[in-house]
Amino acid sequence: MEVRVRFAPSPTGFLHIGGVRTALFNWLFARHEGGKFIVRIEDTDKQRSEKRFEEDVLKNLEWLGLASDEPIVRQSERLDIYERTLKKLFEEKRVYFCFCSTEELEAEYEAQLSQGLVPKYSGKCRALSPAAAAEKLRANPGVVRFKMAEKTVAFTDMIRGKVEFNTGLFGDIIIAKGMREPLYNFASVVDDADMGITHVIRGEEHLSNTPKQMMLQEALGLPTPRYAHLPLILGPDKKKLSKRFLTNSINDYRSQGYLPSALLNFLVLLGWHPTDNREVLTVPEMVEAFSIKRVQKAGAIYNPEKLDWMNSMHIRAMDEKALAEHLASFVPEHWAGDRERLTRAIALVKDRMKNLADFRKEVGFIFELADYKPSMLVWKQATSEKTAERLEHARALLAGDKGSAFPSEGTEAALMQYANEEGRGDVLWPLRVALSGQEASPGPVELLRVLGKRESDTRIGEAIGKLRTEL
RNA sequence: GGCCCUAUCGUCUAGUGGUAGGACAACGCCCUUUCACGGCGUAAACAGGGGUUCAAUUCCCCUUGGGGCUACCA
């Protein structure tokens, strides 16, 4: 039988890190098994669902490469189906209308609690005759309750093994607010069956929903898919992932210059890893090695430092051309247009970038030299005068370069020889600062290579000018 | 409170009935004109208590810690 899984977000907020991980595990499972991954939008809560959130979720899944294999399913477009199913449940007397007010219910729960009892719905409205219910319906919309049988329900979670619940503790749960307003547990069960979902992989917060859904499946004569409940991602404070991270949309990671593959790689390692010790994996490698049975049982803490490291590893693994594409939205247009220089700049800093946004601040000076103080050119105990002389010497050396690739091997050797004679810091430091205008940067020879002969000469000339006017 | 899940370095984790390994982060050294990168190294963990056993981090129980659920949210 074909494996079919789904990712079922409710569009009540931007797509966040936790959602992506759930989507990823579903997607990997589907790909590994050669099955289908389907996105279902759970927008039954009209108050909280917003179209812009749905768009955000879909757009970001696409960016991450986790798009749905089949057309998106929207619960808001399936109200007829839920209504029909609900009618059937009414006919079979598996459900009933309840008209108890929130105040009544609260009072009931308090009373139960004070007697040391487990608070649950008393089942009061079960006794209402269909006629009485119809009468009340005229003034009060009511809610639909499911007659929960009291029994022990057991299932085998693919990650946790056997899990047991006593459904008697739940009471008669509300499954819809009216004939056309289904609630989560009900809509989810109907859709999973309709969509032919074979495996439900979701967050651990749904573990106790599973027995409720199984009871619903039983009442509707629907098959029970296999379940896997993923451990939750915890915040750095070892508590449930805080608002600070949950409200962070994937958009933020995207604009900070994280690569999709790095984000996915980081997330997959939160609760799973391959049998060997590999940590840096391409997406195809993840698919190949993935196994739901190897998923960890305990929650994992979100560690942003490791994400940075992972991103730098993925940046390094990417070739310069592909990186240039990704960089396009992170640099000014005229930089992106100067493809030749952009590629050389990328080669220069690829190994030192943690994210794509770093690129601009790491090598911006290649495109636009910022103003700097002449004193920055002077190495340790050297004088401005001496520094200017050394720069002039170096400049003359470079000007004599006749090779096709600048700087030629001979020029480089001559420069290094001069540096060794004068003191490496005394020559190399001012040269590097003259070329970069920065306290910290890649080395002078690398910079010469990226800037080219003419631009290098201009910059060294400027540096000498700065030193001379200061004297 | 009740139900359920869970427990190895700060973090992600490997692992086995008999020296607890890797990665991130930290620290140190090397490389080096600078900053990174890189290389080498250091520190760092089996939550506690009972069992079972010649022997328990590993198997069992309890406690404790952490988490989830306990909605007319999903």
Side-chain angles (χ1 to χ4, degrees), chain A residues 8-13 42-45 47-49 75 98 100-102 105 109 112-114 116-120 141-145 157 159-161 163-171 173-178 181 183-185 187-188 202-212 229 231-234 236 238-241 266 269-273 275-280 296-310 312-313 316 349-354 358 362 376 379-380 419 423-433 436 438-444:
Chain A
S10 67
T12 54
E42 307 220 324
D43 52 355
T44 51
D45 186 336
Q47 266 75 45
R48 299 197 308 147
S49 297
Q75 293 189 325
C98 171
C100 296
S101 68
T102 314
L105 293 174
Y109 290 169
Q112 286 166 331
L113 231 32
S114 68
L117 296 171
V118 177
K120 66 172 186 184
V143 295
V144 180
R145 283 191 187 270
D157 187 281
I159 295 166
R160 285 153 218 285
V163 182
E164 268 186 7
F165 284 92
N166 177 2
T167 61
L169 264 16
F170 298 140
I173 59 168
I174 298 172
I175 63 165
K177 293 199 264 185
E181 272 190 82
L183 259 18
Y184 168 70
N185 282 122
S188 185
R202 64 208 331 184
E204 194 187 336
E205 73 267 26
H206 288 296
L207 197 53
S208 55
N209 279 325
T210 305
K212 298 176 188 172
H229 290 92
L232 263 17
I233 302 181
L234 276 16
K238 209 162 184 177
K239 298 259 160 61
K240 184 176 146 189
L241 201 54
F266 167 71
L269 253 27
L270 246 34
W272 176 87
H273 68 100
T275 45
D276 49 41
N277 270 335
R278 280 179 305 160
E279 299 223 47
V280 181
Q296 215 73 19
K297 293 190 183 85
I301 293 171
Y302 170 87
N303 173 206
E305 272 115 26
K306 191 142 188 179
L307 206 210
D308 281 343
W309 172 78
M310 187 61 81
S312 70
M313 296 309 277
R316 273 187 220 197
V349 292
K350 214 171 94 163
D351 289 356
R352 44 209 301 161
M353 288 161 65
K354 285 205 183 340
D358 278 353
E362 289 268 9
M376 201 202 280
W379 173 247
K380 288 187 177 170
R424 296 171 79 98
D426 283 315
V427 174
L428 267 17
W429 172 272
L431 183 57
R432 191 186 57 72
V433 173
S436 68
Q438 307 281 318
E439 289 272 5
S441 79

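Chain identifiers are assigned alphabetically (A, B, ...) following the order of the sequence lines, protein sequences preceding nucleic acid strands; residue numbering begins at 1 within each chain. Values below: every heavy atom of this structure, side chains too, minus hydrogens, waters and symmetry copies.
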Mind checking if [X] touches a base, just sugar-phosphate, or nothing, with heavy atoms under 4.0 Å?
X	answer
A:Glu439	base
A:His206	base
A:Glu42	sugar-phosphate
A:Glu164	sugar-phosphate
A:Lys297	sugar-phosphate
A:Asn209	base
A:Ser188	nothing
A:Phe165	sugar-phosphate
A:Leu183	sugar-phosphate

Could you tell me the Watson-Crick or G-U partner of [N], where both distances fall under 3.5 Å? Say none if there is no partner.
N	value
B:C73	none
B:C40	B:G28
B:U57	none
B:G17	none
B:C46	none
B:G65	B:U6

Within the side chain of [X], is there an N or O that forms a donor-acceptor pair under 3.5 Å with the backbone of [Y]?
X	Y	value
A:Ser441	A:Gln438	no
A:Asp157	A:His229	yes
A:Lys120	A:Tyr109	no

Whole angstroms only, please: what is the [atom1]-[atom2] distance between [X] and [N]?
X	N	atom1	atom2	value
A:Asn277	B:G15	CG	P	9 Å
A:Leu232	B:G67	CG	P	11 Å
A:Trp272	B:C12	CH2	P	17 Å
A:Met310	B:C12	CE	C1'	10 Å
A:Lys212	B:G68	NZ	P	16 Å
A:Tyr184	B:C72	OH	P	15 Å
A:Tyr302	B:U11	OH	P	17 Å
A:Ile233	B:U13	CD1	P	10 Å

Provide the distance between the two [atom1] atoms, one in [N] and one in [M], to the nearest whole Å.
N	M	atom1	value
B:U6	B:C54	C1'	32 Å
B:A44	B:A20	C1'	13 Å
B:G65	B:C59	C1'	22 Å

Check: Would you call A:Lys297 and A:Ile159 a side-chain contact if the rule is heavy atoms closer than 4.5 Å?
Finding: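 Side-chain contact under 4.5 Å: yes.
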
Using nucleotides 29-33 of chain B, report all nitrogen or oxygen pairs with the protein that are shorter than 3.5 Å.
residue: B:U33; atom: OP1; partner: A:Arg424; partner atom: NE; Å: 2.2
residue: B:U33; atom: OP1; partner: A:Arg424; partner atom: NH2; Å: 3.2
residue: B:U33; atom: O2; partner: A:Arg432; partner atom: NE; Å: 3.2
residue: B:U33; atom: O4; partner: A:Pro444; partner atom: N; Å: 3.3

Notebook entry, point to check: Are A:Leu307 and A:Tyr302 close enough, and set up right, to give a side-chain contact (heavy atoms from CB on, under 4.5 Å), and what steps lead you there?
Noted result: CA-CA 9 Å; A:Leu307 206 210; A:Tyr302 170 87; 4.3 Å; yes

Margin query: Which residues pass the salt bridge (Lys or Arg N to Asp or Glu O under 4.0 Å) test with A:Asp45, not counting sequence neighbours?
Written below: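 A:Asp45 satisfies salt bridge (Lys or Arg N to Asp or Glu O under 4.0 Å) with A:Arg48 only.
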
Note to self: Checking A:Lys350 now: which residues fulfil salt bridge (Lys or Arg N to Asp or Glu O under 4.0 Å) with it, not counting sequence neighbours?
What the structure shows: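 With sequence neighbours excluded, A:Lys350 shows a salt bridge (Lys or Arg N to Asp or Glu O under 4.0 Å) to no residue whatsoever.
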
Any protein N or O atoms within reach of nucleotides 56-62 of chain B? Criterion: under 3.5 Å, listing atom names and distances.
none

Would you list the protein and nucleotides 40-49 of chain B atom pairs, both N or O, that sit under 3.5 Å from each other?
none

If you compare every side-chain N and O of [X] against the phosphate oxygens of [N] (OP1, OP2), does one of them come in below 4.0 Å?
X	N	result
A:Lys380	B:U34	no
A:Arg316	B:G38	yes
A:Gln296	B:A14	yes
A:Ser436	B:U34	no
A:His273	B:A14	yes

Of the candidate nucleotides [options], which contains the atom at the shortest distance from the side chain of [X]?
X	options	answer
A:Lys306	B:G67, B:A25, B:A23	B:A23
A:Glu205	B:A7, B:G68, B:G22	B:G68
A:Trp309	B:A23, B:U34, B:G68	B:A23
A:Asp351	B:C72, B:C37, B:C24	B:C37

Next item on the list: Sequence neighbours left out, what passes side-chain hydrogen bond (donor to acceptor under 3.5 Å, both in side chains) with A:Lys306? Give chain and number order.
Entry: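 In terms of side-chain hydrogen bond (donor to acceptor under 3.5 Å, both in side chains), with neighbours along the sequence ignored, A:Lys306 is linked to A:Glu279.
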
Margin query: Holding to ring pair (Phe, Tyr, Trp, His ring centres under 6.0 Å), I want the full list of residues that pass it with A:Tyr184, two or more places apart in sequence or in another chain.
Written below: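 If we apply the ring pair (Phe, Tyr, Trp, His ring centres under 6.0 Å) test to A:Tyr184, skipping adjacent residues, the hits are A:His206.
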
Checklist line | Partners passing ring pair (Phe, Tyr, Trp, His ring centres under 6.0 Å) against A:Trp379 (at least two apart in sequence or in another chain) | finding: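 Ring pair (Phe, Tyr, Trp, His ring centres under 6.0 Å) check on A:Trp379 returns A:Trp429.
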
Which residues share a side-chain contact (heavy atoms from CB on, under 4.5 Å) with [X], sequence neighbours left out:
X	result
A:Leu113	A:Pro119
A:Ile173	A:Phe146, A:Met148, A:Phe170, A:Ile175, A:Lys212
A:Val143	A:Cys98, A:Ile174
A:Met353	A:Ile315, A:Leu327, A:Val349, A:Leu356, A:Asp358, A:Phe359

Note to self: By nearest heavy atom, map A:Glu204 and A:Met353 onto RNA chain B; which one lands nearer the 5' end?
What the structure shows: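 Residue closer to the 5' terminus by nearest nucleotide: A:Glu204.
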
Checklist line | 5' priority, RNA chain B, between A:Pro119 and A:Ala176 [closest heavy atom] | finding: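 Upstream on the strand: A:Pro119.
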
Next item on the list: Kindly say whether, by distance alone, the side chain of A:Arg48 makes a donor-acceptor pair under 3.5 Å with the base of B:C73?
Entry: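 Check passes, donor-acceptor contact within cut-off.
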
Check: Do A:Ser188 and A:Arg202 have side-chain atoms, one donor and one acceptor, less than 3.5 Å apart?
Finding: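 No, no side-chain donor-acceptor contact under 3.5 Å.
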
